[in-house]
Number of protein chains: 2
Amino acid sequence: MALSPQSNPQNSDNFATQVLGQLKQDILTGYFNPGEKLKMTRLKERYQVGVSPLREALSQLLVEQLVVVENQRGFKVHPISAEEMEDIYHTRAEIEALCVSQAIDRGDDAWEAGILAAAHQLKKSAELLEEENPEKIQRWEALHQAFHRAIAEGCGSPSLLHVRLSLYEKASRYRNHWLKENMLDRSIFDANQKEHEALTEALLNRDKEKAVEIIRQHILSPYRLLKDSISFD
Amino acid sequence: MALSPQSNPQNSDNFATQVLGQLKQDILTGYFNPGEKLKMTRLKERYQVGVSPLREALSQLLVEQLVVVENQRGFKVHPISAEEMEDIYHTRAEIEALCVSQAIDRGDDAWEAGILAAAHQLKKSAELLEEENPEKIQRWEALHQAFHRAIAEGCGSPSLLHVRLSLYEKASRYRNHWLKENMLDRSIFDANQKEHEALTEALLNRDKEKAVEIIRQHILSPYRLLKDSISFD
DNA sequence: TAATATAAAAACGTCGACATTATTGCTCGA
DNA sequence: TCGAGCAATAATGTCGACGTTTTTATATTA
């Protein structure tokens, strides 16, 4: 259920910024389906704002390629496709590899500590995945994301991290779309956790070649899983 | 002199899209200075539109990090800094290297032909740089950009090209800012042209290692030039 | 019936106006 | 002369309203 922006008192952002976050979530999680038309009347109702902040938020999602626009025909959710999925995941693998590579060169003690902390939290919260609870799965996702962010941030490059985040978000649409139709398999997550441990080890050993190889696989193995079982309609 | 959006009849885009292009140009070329406040009254006058399209355009530039916003304090041109310049140029070098690397793997005959065509045009238009004519320099820039785009497009990855373009634009702010205070040196452009030829040769020979090395230097040598002579105030 | 033309409804993009917030300029007092 | 407090001025962010375009529904004709 969407909250009206005004109801969040601690947030001093303008409506556009607040709506941006909610709208992005709604697109990434699939509340709005790929290709779906985003009628202003509906959006106004859902987020309890006028058209101006909505159009500003949509304009930003336009640049992030999460929506598309056609003059006089309004906004639509950016469609998904096998081609885009392949493109996103492969580019993301390269970018993430770049982050890891640079992080190994530049990461300091605080970077190592951050990785260990995030890895620990992630490992300890494996239980969150034991039931089919979307809320818990999302919490696990947050920790998983934090782990990888902790690694990537070692690269120390804001522009690279900006690109990385954008690609992560685009990819998460596909993951969520897939999750809507498929159960998660315990064995997959076990393998996942193994990769995390191997990655952490390689990073702390500053074994660049190994770490880059692992992160590439870590990004692409979900892709390979999704590729054949996801449906685009 | 800014043109009113309406006066361009062939363009069927909405005002926001049209203003976006002009505004971006004005920021990249330095018509609006880094850090400068973008008052709505002034923008309305310059582009002859209301606040709604303006805010939509600015929202997009926000994502591209060409403007910044503070609630109730409006928009400002994104400030420039030595730190950002270093970050942008280095990330850009990595991304461009990635494009080249993938293009060598995937580029076909049409790709090679496109490079040769663009390289030819670029070489033939060296005379554009012989005088201090901004109009001609800009035309040369367009050809230079087209040459590098022809190369990068061989990678076949829309998402990677999207990132590449964004970084190119951000970097061009710094180049233009530098050009405002400095003359171009003939010898620099001769060296530049030499690099283009070497790059073209390496690409056609599919010599990945060499091509990647050249493109890295080609991106970074302007940076090294700028770094010590540019002023941030 | 099917296709086209026409009318009605809905949706879009833009502007001006308004409330709220920030900034500027001024007065007053030390 | 300088600074604090206060009034005025200006600028921002948002909404509702309006003209235009698109879409849907209805009628017309072959």
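Residue numbers begin at 1 in each chain, while the letters A, B, ... track the order of the sequences.
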Exceeds 12 heavy-atom contacts within 6.0 angstrom, atom NZ of K39(B): no
Whole-Å distance separating the CD atom of Q18(A) from the P atom of dG13(D): 13 Å
Which residue lies toward the 5' end of DNA chain C, K39(A) or Q72(B), if each is placed at its nearest nucleotide? K39(A)
How long is the line joining CG of N14(B) and P of dT21(D), in whole Å? 14 Å
Sorted by number, residues from residues 50-58 of chain B placing a heavy atom under 4.0 Å from DNA chain C are G50(B), S52(B), P53(B)
Calculate the interatomic distance between Y47(A) atom OH and dC15(D) atom C1'; express it in whole Å. 19 Å
How long is the line joining CZ of R73(B) and P of dT20(C), in whole Å? 19 Å
Taking CD from E70(B) and C1' from dG13(D), how many angstroms apart are they, rounded to a whole number? 15 Å
Could you check whether R42(B) makes a cation-pi contact with F32(B), meaning its NZ or CZ is under 6.0 Å from the centre of the six-membered ring and within 45° of the ring axis? no
Phosphate OP1/OP2 of dC12(C) contacted by K37(A) side-chain N/O (<4.0 Å): yes
Winner on side-chain proximity to F15(B), out of dG13(D), dG13(C), dC15(C), is dC15(C)
Answer yes if the side chains of Q102(A) and S157(A) hold a donor-acceptor pair under 3.5 Å, and no otherwise. no
Just to confirm, is there a sub-4.0 Å distance from OP1 or OP2 of dC12(C) to any side-chain nitrogen or oxygen of K44(A)? no
E45(A) has an atom CD; how far is it from atom P of dG16(D), in whole Å? 13 Å
Take atom CG of L38(A) and atom C1' of dG13(C), then tell me their distance rounded to the nearest Å. 16 Å
Sole candidate of Q25(B), R46(B), Q22(B) that passes side chain to side chain contact (heavy atoms under 4.5 Å, CB included) when paired with Y31(B): R46(B)
Has Q48(B) got a side-chain atom pairing as donor or acceptor with E45(B)'s backbone, closer than 3.5 angstrom? yes
Shortest side-chain distance from M40(B), nucleotide among dT12(D), dC15(D), dA11(C): dT12(D)
Side-chain heavy-atom pair E141(B), Q145(B) within 4.5 angstrom cut-off: no
Sub-4.5 Å side-chain heavy-atom contact between Y174(B) and E84(B): yes
